[in-house]
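Shown next, in C-alpha cells, is the structure this report addresses.
Positions are given from 1, in the same order as the sequence printed here. From a predicted model like this one, the values you see are computed outputs, not experimental measurements. Both ligands and their constituent atoms are indexed starting at 1 by order of listing.
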Amino acid sequence: MQSWPAAAFPDLAGDACASPLRLYDSSTQAAVEVAVVGPTARLYVCGITPYDATHLGHAATYLAFDTLVRVWRDRGLAVDYVQNVTDIDDPLLERATRDGQDWREVAARETALFREDMTALRVLPPTHFVGAVEAMEEITAFVVGLLDAGAAYRLAGPHGDDVYLAVGTAAHFGQVGGLDPRTMLALSAERGGDPDRPGKKDPLDALLWLAARPGEPSWPSPLGPGRPGWHVECAAIAVNRLGNAFDVQGGGSDLLFPHHEMSAAHAEVATGTWPFARAYVHAGMIGLDGEKMSKSRGNLVFVSRLRAAGVDPGALRLALLSSHYRTDREWTDAVLLAGQERLARWRAGVARERGPSGDALVSAVRAALADDLDTPRALRLVDAWCEASGQDTGAPAECAALVDRLLGIALSTDPFIGPS
Ligand code: 5CA
Ligand code: ZN
C-alpha cells in the first residue's frame, strides 16, 4: 500500500545519546535494554482496522512508536518499520453491512483518512505499509506451511473446512503475555476468539483460515476459498519482511493477548525459531468518560474532526505526549487546552534571541527519551528551558530543531520553514 509522506527530520548538533535505550518489555515485565544489532532497527507495529479512523487512541499509540522511531534515527540507525492494515475482518464487514456500503470502499476511505491524519501529525511513515488483502497470497502460503508442518488442523464447519493452529505445537506459547490459562480463556472469548467452538483440540487454538461464508468476500487458496484469521495476518507480514527476532513488536495493550501471543506462536511454528520479537512494547489505552475509547463502544474523538475545528496538530501531539505512553489515560478538554497553551509557550520560547544552554537541553531530553520514552519528562525539560533566561544565542534554533527531530513538532513560525 501507499504509505504517507515523511516530515523533515532536521539535523541536530552534539554528541549522540550516551544512555542505552531502555523500553518496558511486556513479556519479561521489566525495562530492558534494546540494543539493536547492526545499522538497522526492525519494528513491527499493528496497524488499524479501517472502519473508523483515526481516533485519539490510535493516534496516541502511533505517536508512542513514532517517538521510538525518532529516538533510533537520532542515534544514527536506519529503521525498517512495518505496519499492517487489517483491511478484511469481521468488524469491517459488519460496519459496511450496517451502513449499506461496499467493504472495500469503507476500507479505502478510512485508510486514506488515516494517511492524512498521520501526515498532519507528522508521524514518520513506515517503510512497508501492508494491507491484508494485498498480502493475501503470502498469508495463505503461511497457513499452508503451518498445515504441512503438522501444526494446524482442519475443522469441518457449515461452509467447508476452517483451519486452526494447534497452540500446543508452539513451545513458547504463553510467554509473551505471561498469563494464566483462565485469564487467557476469558480474554480470548472477549477479544474475537472462539474458545467454545466444539471440535477444537484446545479452546485457545487460533483460527488461521475461515472457509468462505455465503455473501462474504473470499480468496482462492489451496485450502479452498476463504479468508485468513487475524493473528496470522500480522505473523506472515512481519516474518516475511523483518525475519525473526526483530527488535520490537508494538501496539496498544489491548493486543497483548491474544493477538501478540498468537502472532508469536504462529511465527515460532512457521520459522522454527524463537523469539518472534526481542521486546514486546505496549501503549496504554486512551479513555473517554471512564471507558476505553473504542470503535465498538462508539465513544470516539477523531483526529480529523479536531483538525477541521482548527486544532493545531502540534498541540494534539503535545497533549498526547504529556503523559507516559504506557499509562491508561483519559482524554479531556483540559488535556487538549494544556497542549495548546504549551505549544504557544514553546513557540514564544524559541522566538527569543537567546536562552539557556541548548546543548544541555539536548542531552537532557535525549536521556529522558532513552528511559522508556519518557515524554512527560522531556516536555517538562523544554518547559523549563522556555521559562529560564540565558545567553546562548544558538539555543533557540537548537531547541526548535530538537523539538522537531525528537518530538515531531514544528515550532518555527517562519512561513518558509514551518510549521507545515
Ligand atoms: N488491526 C488491528 C491490529 S493488527 C487493530 O487492533 N486495529 S485497531 O484499529 O483496533 O487498532 C489500531 C491500533 O490502535 C492498535 O495498535 C490498537 O492497540 C490501538 N488502539 C486501539 N484503541 C486504542 C485506545 N483506546 N488507546 C490506545 N490505543 C488504541
Ligand atoms: Zn496485528
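Between His55 and His58, the ring planes lie parallel to each other; the angle is under 30°, not in the 30° to 60° tilted range. The aromatic rings of Phe129 and Trp4 sit perpendicular, their planes meeting at an angle over 60°, well past the 30° parallel limit. Using a 30° and 60° split on the angle between ring planes, Tyr153 and Tyr164 fall in the parallel class, below 30°. Using a 30° and 60° split on the angle between ring planes, His266 and His231 fall in the perpendicular class, above 60°.
Remark: distances from the non-hydrogen atoms of Cys234 to ligand 1 include one below 4.0 Å. Assignment of Gly47 to the shell around ligand 1 is supported, since a heavy atom sits closer than 4.0 Å. Residue contact annotation: His282 has no non-hydrogen atom under 4.0 Å from ligand 1. Put simply, no part of Glu233 is less than 4.0 Å from ligand 1, judged by heavy atoms.
Residue His55 approaches ligand 1 through these ligand atoms, each under 4.0 Å from one of its heavy atoms: 22 (N), 23 (C). Taking a cut-off of under 4.0 Å to the non-hydrogen atoms of Gly251, the atoms of ligand 1 that pass are 16 (O). Of all the atoms in ligand 1, the ones that sit under 4.0 Å from a non-hydrogen atom of Thr86 are 1 (N), 2 (C), 4 (S). Interface of Gly284 with ligand 1, defined as ligand atoms under 4.0 Å from a residue heavy atom, comprises 26 (N), 27 (C). Of all the atoms in ligand 1, the ones that sit under 4.0 Å from a non-hydrogen atom of His259 are 4 (S). For ligand 1, the atoms lying closer than 4.0 Å to a non-hydrogen atom of Ile48 are 1 (N), 7 (N), 9 (O), 12 (C). Counting atoms of ligand 1 from 1 in the listed order, those under 4.0 Å from a heavy atom of Asn84 are 4 (S).
When only non-hydrogen protein atoms are considered, atom 6 (O) of ligand 1 lies nearest to Leu255 CD2, 3.6 Å. At the top of the distance list for atom 16 (O) of ligand 1, counting protein heavy atoms only, stands Gly252 N, 3.2 Å. Atom 18 (O) of ligand 1 has as its closest protein heavy atom Asp254 OD1, 2.6 Å. With hydrogens left out, the protein atom closest to atom 11 (O) of ligand 1 is His58 CD2, 3.7 Å, a heavy atom. Ranking protein heavy atoms by distance to atom 13 (C) of ligand 1, first place goes to Tyr62 OH, 3.2 Å. Of the protein's heavy atoms, Met293 O, 2.8 Å lies nearest to atom 25 (N) of ligand 1. Shortest contact from atom 8 (S) of ligand 1 to any protein heavy atom: Lys295 NZ, 3.5 Å. In terms of protein heavy-atom proximity, atom 28 (N) of ligand 1 is closest to Thr61 OG1, 2.7 Å.
Heavy-atom neighbours of Arg305 CZ from other residues, nucleotides or ligands within 6.0 Å: at or below the threshold of 12. Remark: Asp11 CG is loosely packed, at most 12 non-hydrogen atoms of other residues, nucleotides or ligands lying under 6.0 Å away. Sparse packing is recorded around CG of Asp333, with 12 or fewer heavy atoms of other residues, nucleotides or ligands lying under 6.0 Å away. In Glu134, the CD atom is crowded: over 12 heavy atoms of neighbouring residues, nucleotides or ligands sit closer than 6.0 Å.
Here the shortest heavy-atom distance to atom 4 (S) of ligand 1, taken over Trp230, Phe65, Tyr51, belongs to Trp230. Across the listed options Ala59, Gly57, Gly250, Ala132, Gly57 owns the non-hydrogen atom lying nearest to atom 29 (C) of ligand 1.
At a threshold of 2.8 Å, the Zn ion (ligand 2) has a backbone or side-chain N, O or S atom of Cys234 nearer than that distance.
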Please report the C-alpha distance between Asp372 and Arg22 in whole Å, then the side-chain angles of each, then the deciding distance to 0.1 Å, and finally whether the side chain to side chain contact (heavy atoms under 4.5 Å, CB included) criterion is met. CA-CA 5 Å; Asp372 198 19; Arg22 297 174 74 80; 5.6 Å; no
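There is a side-chain donor-acceptor pair under 3.5 Å between Glu138 and Asn240. Side-chain contact annotation: Glu116 with Ser304, donor-acceptor N/O pair under 3.5 Å absent.
With the Zn ion (ligand 2) as the vertex, NE2 of His259 and SG of Cys46 span 110° to the nearest 10°.
Contacts between Thr49 and ligand 1 below 4.0 angstrom, taking non-hydrogen atoms only, involve backbone and side chain alike.
The shortest distance between side-chain heavy atoms of Leu121 and Pro313 falls below 4.5 Å. Looking at Leu124 and Arg73, their side chains come closer than 4.5 Å, going by heavy atoms from C-beta outward. When side chains are defined from C-beta on, Val248 counts as touching Trp72, because their heavy atoms get closer than 4.5 Å.
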